[in-house]
Amino acid sequence: MERNNHLRRQVANLRQSLFDQGYLDDQFIELEELQDDANPNFVEEIVTLFYKDSARLIHSIDQALEKQPLDFTKLDNYMHQFKGSSSSIGAKKVKIECTQFSEYWRAGNVEGCKRTFQQLKREYVVLRKKLEVYFQSARQAGPTETMSCRPN
Amino acid sequence: MANSSKTSAGFSSPRSDTFPAGLRVLVVDDDVTWLKILEKMLKKCSYEVTTCGLAREALYLLRERKDGFDIVISDVNMPDMDGFKLLEYVGLEMDLPVIMMSVDGETSRVMKGVQHGACDYLLKPIRMKELRNIWQHVLRKKMQEARDAGNNDLDQYDEVWMLGGAELLSGKKRKDFENKDDEKEMSDSRFGDPSSMKKARVFWTVDLHQKFVKAVNQIGFDKVGPKKILDLMGVPWLTRENVASHLQKYRLYLTRLQKEDEAKASFCGMKHQDVSSKETSSLTLQNPVDVCTDVANDKYGGVSGDKEIAQNGKSNICENKVKGVVSMPAAEPRSVVGDSFDSQTAGSKIGLNDSFRLVNTDVKNAKVPAPYCSTGEAPQPQYKQDFKPHFQSANGSSHQPLPVVSHQIPVDRTQPTCFLNHVPSREESDRYPDTDNKPSYFKNKSEGVGKFSPIQSTANLFQPVSHQQTNFHTLEQMPSTTWCATSHNVVSHPQSSQGNLTLRSGSIVASLGEDMCGASIQGECFLANNGLQNIEQFDYNDPQSISGVPTCLYDTLRFDHEYPYPYPIDSLEGIVMDQGLFIV
């Protein structure tokens, strides 16, 4: 019991840190609020789905950025899609990189775009790892009430 | 009756009492993550959700289950079909409210969505509280339809006939009434038409539609009726109901174009007053008996017609409206706004429309150079001059100029259908070129309004073809090059000057252009740079090309990545039959 409480506190801290460090935004909370008896693991399912789906996009963008000459329309579409997708789980840092990418894109700064995209991929991976850890410890701790508390 | 048939058709749930619970929502998004989130959110709102990863699939579903949905939520960016395109199809074929969504809130995109007929535009990430409210769009549409129907005598169109205002307002779905069984039953009892017994789905191909338009032209709008069209079309397997329903949609389609115009017009207004485009476009929904909206209208009218309103005050709504109208042909290109006054005073609307069309016709015929309609402060005298000569030369008789536009505009509120003579409006037309007459004109006008407003508008609705050869239906027969030349000049403007004051005349021509595309030379996309092309195809498209389209590269990619889709790539049908992609 004691141990369980401790675990739960850890999970809550872990979760809070994701917000505090700017990895996640309110959309994540929105997802948590959708979680119910019908879908007890809704958030995790969504995150998993996002990573599965976006891997393809990341790959496509990677390839499109290598191509010469650049297919602007295609890249634009991909990025747009990716941005939309990353907004679904509240991947704040990833989204920021998307925005940065778009800015470079508009300015015609291809180098900036490529650099940003590398950074974007890093954030993308970091978030996945952090979320994996979080979900794993949440599972260990069992159901908890702190789950749906808004940060701050 | 409605409910039982609903159940029998497979779209269950007793919905009329629990509205908005059970609202049937179709969600279209190529992003699986969002699709799943939206599904969950909508379910939490007690809506009936169907999800769809491809726009074509959505279209197929919508066609397959006509009346199986109440509202569509669609992403803007989809690989297989532009969301705007889907929006157009849905608007024309199903006339359902469509909500667009995108992660991109750029004004131009939102504008595009609204102009294409989206009832709302949501930005991702979408929140549940936004979705909880979407039923309002469904209700609003019903109310509008009911209102439209209420303006008219019973009519030969099943749909209109079936729209009972009160029932609709209480949340019953018009769809219920349209259900096949009911339709059969009702049309039988009403018309005793055996042909309605075997009511098959008809895909309106380009050919078929052109026959339809030709028939409509031949008969003339004042006399048009499904039966006559049917006879003229000479397509043996077509039923009167098919034609009636198509005619209905055709009108709705024209209506929608008109609404886009209004939205554009309202854009002018926004420059001066804080009337959001959404607000203004919803003004077109005004209830003839709704005084509140009239007040809003006054405000709206003030946008462009400040002068008029100031002069005359608001004491008499009718008068106000009339004024707006009169000022228009006279000199105020910007008082477009008067347009939204219509439903209360159909009479005034007519004057307005007509005058506009006249202007347009002039613009077109004379091939007035583009700048002519690109600024808010268009040379006023020019309008006047153009107006009069055209008035006489083109028609020879004073009541002919009326026709043209009225065709497009009245449709808006009056689905309808009584074909009465429009003597009163002729009277108007006699007057409105004459600006100096204003005072007396107003008086006459407002007196008359009470008497025959609905009638007038409908009368005009059907007027056009029979009188004017430049009417856009008949334009079909014009050499396409001629049209291109002119439409280019004029049409591109409302588009490019979205941010500026858009001239009413410009936008009407724009919608005329759209019609032209559709009605005449579909496929020959000459309006290359105006962004209107999307509209060309909708109704006339060959449906087969849509349902049978192979999945594109993108989709293949996607399926390669182990999607949780429970269907094989190439069986679109399989997808489609699935109530939801995610079984939760």
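Heavy atoms only: backbone and side chains are in, while hydrogens, waters and symmetry mates are out. Sequence lines set the chain letters: A, B, ... in the order given, protein chains first and strands last, and positions in each chain run from 1.
Contact check for B/Met128 versus A/Glu33: no side-chain heavy atoms found under the 4.5 Å cut-off. With a 4.5 Å cut-off on side-chain heavy atoms, B/Val103 and A/Lys95 do not count as touching. Between B/Lys44 and A/Asp36 the shortest side-chain heavy-atom distance falls below 4.5 Å.
In summary, A/Lys83 and B/Asp104 do not engage in a salt bridge, as defined by a charged side-chain N under 4.0 Å from a carboxylate O.
Using a 4.5 Å cut-off between heavy atoms, B/Leu38 does not touch chain A at all. With a threshold of 4.5 angstrom between heavy atoms, B/Lys124 approaches chain A through its backbone and through its side chain.
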Apply the test side-chain contact (heavy atoms from CB on, under 4.5 Å) to residues B/Ile37 and A/Gln27: give CA-CA distance (whole Å), side-chain angles for both, the deciding distance (0.1 Å), then the verdict.
CA-CA 11 Å; B/Ile37 295 171; A/Gln27 174 62 18; 4.2 Å; yes
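Taking each heavy atom of B/Pro125 and A/Ser87 in turn, the nearest pair found is CB-O, 3.8 Å.
Atom NZ of residue B/Lys40 and atom CG of residue A/Asn39 lie 3.5 Å apart, to the nearest 0.5 angstrom. Considering CH2 of B/Trp34 and CG of A/Asp53, their distance stands at 13.0 Å, rounded to 0.5 Å.
A donor and an acceptor atom, one from each side chain of A/Gln81 and B/Asn77, are nowhere located under 3.5 Å apart.
When A/Gly84, A/Gly90, A/Ser88, A/Ser85 are compared by the number of non-hydrogen pairs under 4.5 Å with chain B, A/Ser88 comes out ahead.
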